[in-house]
Amino acid sequence: MKLLSYITYCAGALLLLNACSKSWLNPAVPGELVTTDSTFLDPANAEKFVNACYTQLLTWEQSSFSWIGVTSITSDDADKGSAPGDLGTDKDQLDNFTYTATTPSIATVWKSNSQGISRCNQALANVPQFDTSAALKSRLRGEALFLRAFYYFNMVRTFGEVPIVDTVIDANNPADLEKINDRRPVPEVYALIERDLQEALALLPNKEQYDPKDLGRATKGAAAALLAKVSLYQQKWDAVLTLTDNIMSGAYGSYALVPDYTTIWREVGENSPESLFEIQSKGTVPFAAVQQYSVVQSIRGGTFNDGAVVLTGWGFNSVSEDLYNAYEPGDVRRNATIMSIGDTLFDGVVIINAVSKRYNYKAYVSRTMESYGDNNDKVNKNIRVLRMGEIYLMNAEAANELGQTAKAQTALNAVRQRAGLANTTAASQADLRNAIWQERRVELAMEHDRFYDLVRQGRAGTVLRAHGKDFVDGKHEVFPVPQSEIYASSGKLTQNNGY
């Protein structure tokens, strides 16, 4: 059983049951006030507060079209795609870096992650009020802290300085209201994320300690992996190396590179030893799926072999020619990442023609060889968030920056060997750094990290301008604070440079 087939419906049932009187279970803004009522008489409701933190991940606003646009279409791995005249509201702006503070997708990313943070704050405030076991309360706190850190990591990478709202906000308390309008320095935001993850790491169980019905919940391994990634973005190399060493050695559970890279994004690859955290999606009735994640990126205007049954869609986020050419000869990852005209897919579908030349294979769902509930908008496609391929590459990058060349080469070569490639020839620190960055690109392509990687590596402008994008140094490293948020704050929220 998948996580969301269990936890989403529990949260959803509570939301529906109390839709008129308990809007705090689905807050529209950070920190709506919760009042004590009969909800706390049922210990089972403690878990539902945390479940609501997960269900935010399934929404269109959190993980679908806007997120795809901001994190992927902006990068050199992808183009707007679709038909030339279909702009997807603003995906042409994201592709060309002509977006502004009023661009809808950017406002959606801010609002949705803020809502996720709010749900986590609600859980952290309310779970202790239930009469249930200390062990369950401890685990639930760990899950909520992990998810709050995840939402804040999305915020700080995307917008830079953001408000720190780490409690439920009392609308009658002026000091609380100031919190949501006060953008804090980036190091302070990262400090909060680190505190959350360090505590979550201490509280959460290993994945093997969960009941099968809880498959997909945050684990000790997930917390360690996210903390390693947060440390990577701050160049805290010792922390990155220690955390990834521990993950690779099994200290936080049994994880490993799966032998066949091509299976990672198929249904058979869900929650495999490769995976440390996935957004769970159930594509059969009753649905609990990420809304339209796959259909947004599916083949548009396609023709296929006779008798083929294919999930077609809007065709956005098409794979760039630059990414296609970035793979070395013999790299199995190219055909596992990119669907091209003329290809035969794993389920026998042959792409004869389509609007674009290339599509994101990692978002593909087979209607014949995977679970499918006859709903293109809600399909069985888990989104892989943290996985072992990246753990090895973070380990390699940290080791290289610390002068441990042989260790860096060993971790890098493990990833290359799985891809069917020879060991790296890079030996100097500078050459090995570039080799690791290149490996991150092809290993993690179309997984929503490339833009952020280029920014943290300090080469976003050079790379993206070469790809024809109008990236301005000193401006486009972060996105604008949505103008709607500035208006709502009566001008107290400040704007990023250049917007």
Side-chain angles (χ1 to χ4, degrees), residues 75-77 221 224-225 228-229 231-233 235-252 254-265 269 272-276 319-320 322-338 361-362 384 386-447 449-450 453-454 456-459 463:
S75 79
D76 55 337
D77 283 359
K229 192 164 185 173
S231 300
L232 178 80
Y233 274 69
Q235 298 185 0
K236 294 184 175 182
W237 302 119
D238 287 315
V240 177
L241 193 64
T242 298
L243 287 161
T244 53
D245 274 345
N246 286 340
I247 294 168
M248 292 159 65
S249 69
Y252 304 128
S254 298
Y255 301 100
L257 295 172
V258 298
D260 187 353
Y261 182 91
T262 67
T263 64
I264 294 175
W265 292 270
S272 72
E274 176 88 16
S275 180
L276 291 110
V319 176
S320 69
D322 191 72
L323 175 60
Y324 185 86
N325 292 332
Y327 292 87
E328 297 172 49
D331 192 333
V332 302
R333 294 173 296 193
R334 183 168 73 177
N335 287 342
T337 302
I338 304 169
Y361 203 176
K362 291 179 179 179
R384 281 58 168 174
L386 296 163
R387 62 181 184 82
M388 287 301 291
E390 184 173 17
I391 298 301
Y392 273 78
L393 292 175
M394 288 196 288
N395 186 269
E397 189 167 347
N400 184 56
E401 296 302 328
L402 293 169
Q404 301 179 35
T405 303
K407 184 177 179 65
Q409 290 171 327
T410 297
L412 175 60
N413 288 336
V415 175
R416 289 180 59 80
Q417 289 164 9
R418 178 174 68 171
L421 301 176
N423 289 345
T424 184
T425 59
S428 71
Q429 186 180 59
D431 287 347
L432 195 50
R433 180 184 297 121
N434 288 329
I436 292 165
W437 287 352
Q438 167 63 14
E439 209 67 35
R440 279 189 68 89
R441 184 185 189 187
V442 293
E443 172 72 20
L444 305 173
M446 309 303 286
E447 294 183 46
D449 270 323
R450 174 64 173 174
D453 262 348
L454 291 173
R456 75 171 178 86
Q457 293 160 3
R459 59 196 186 112
V463 171

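Owing to the predicted nature of the structure, the values given are computational and were not obtained by experimental measurement.
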What's the separation between atom [atom1] in [X] and atom [atom2] in [Y], rounded to the nearest 0.5 Å?
{"X": "Lys229", "Y": "Leu243", "atom1": "NZ", "atom2": "CG", "answer": "14.0 Å"}
{"X": "Tyr392", "Y": "Ile247", "atom1": "OH", "atom2": "CD1", "answer": "11.0 Å"}
{"X": "Asn423", "Y": "Asn413", "atom1": "CG", "atom2": "CG", "answer": "3.5 Å"}
{"X": "Leu241", "Y": "Ser231", "atom1": "CG", "atom2": "OG", "answer": "11.5 Å"}
{"X": "Leu412", "Y": "Thr424", "atom1": "CG", "atom2": "OG1", "answer": "5.0 Å"}

Over all atoms of both residues, closest heavy-atom pair of [X] and [Y]:
{"X": "Val442", "Y": "Ala326", "answer": "CG1-O, 3.9 Å"}
{"X": "Ala396", "Y": "Ala408", "answer": "O-CB, 3.3 Å"}
{"X": "Leu276", "Y": "Gly221", "answer": "CD2-O, 3.3 Å"}
{"X": "Ala414", "Y": "Leu257", "answer": "O-CD1, 3.9 Å"}
{"X": "Met394", "Y": "Ala225", "answer": "CE-O, 4.0 Å"}

Please check this pair: side chain of [X] against backbone of [Y], looking for a donor-acceptor N/O pair closer than 3.5 Å.
{"X": "Glu390", "Y": "Leu444", "value": "no"}
{"X": "Ser275", "Y": "Ser272", "value": "no"}
{"X": "Thr242", "Y": "Ala239", "value": "no"}
{"X": "Asn400", "Y": "Gln429", "value": "yes"}
{"X": "Arg418", "Y": "Val258", "value": "yes"}
{"X": "Thr337", "Y": "Arg334", "value": "no"}

Among Arg416, Arg450, Arg387, which one satisfies salt bridge (charged side-chain N to carboxylate O under 4.0 Å, His left out) with Glu443?
Arg387
For Glu447, run the salt bridge (charged side-chain N to carboxylate O under 4.0 Å, His left out) check against Arg440, Arg333, Lys362 and tell me which one passes.
Lys362
Apply salt bridge (charged side-chain N to carboxylate O under 4.0 Å, His left out) to the pair Glu274 and Arg384, showing each step before the final yes or no.
CA-CA 10 Å; Glu274 176 88 16; Arg384 281 58 168 174; over 6 Å; no
Under 4.0 Å between a Lys/Arg side-chain N and an Asp/Glu carboxylate O for Arg441 and Asp453?
no
Salt-bridge present (Lys236, Glu401; N to O < 4.0 Å):
no
Hey, are the side chains of [X] and [Y] touching, using non-hydrogen atoms and a 4.5 Å cut-off?
{"X": "Met388", "Y": "Thr244", "result": "no"}
{"X": "Val319", "Y": "Asp77", "result": "no"}
{"X": "Asn395", "Y": "Thr410", "result": "no"}
{"X": "Trp237", "Y": "Glu397", "result": "yes"}
{"X": "Ile338", "Y": "Tyr361", "result": "no"}
{"X": "Leu323", "Y": "Asp76", "result": "no"}

Under the criterion side chain to side chain contact (heavy atoms under 4.5 Å, CB included), I'd like the reasoning laid out for Ile391 against Tyr255: C-alpha separation, chi angles, the key distance, then a yes or no.
CA-CA 10 Å; Ile391 298 301; Tyr255 301 100; over 6 Å; no
Cationic tip of Arg456 within the cone over Tyr233's six-membered ring, i.e. under 6.0 Å and within 45° of the normal?
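Yes; both conditions hold, so Arg456 lies above the ring face of Tyr233.
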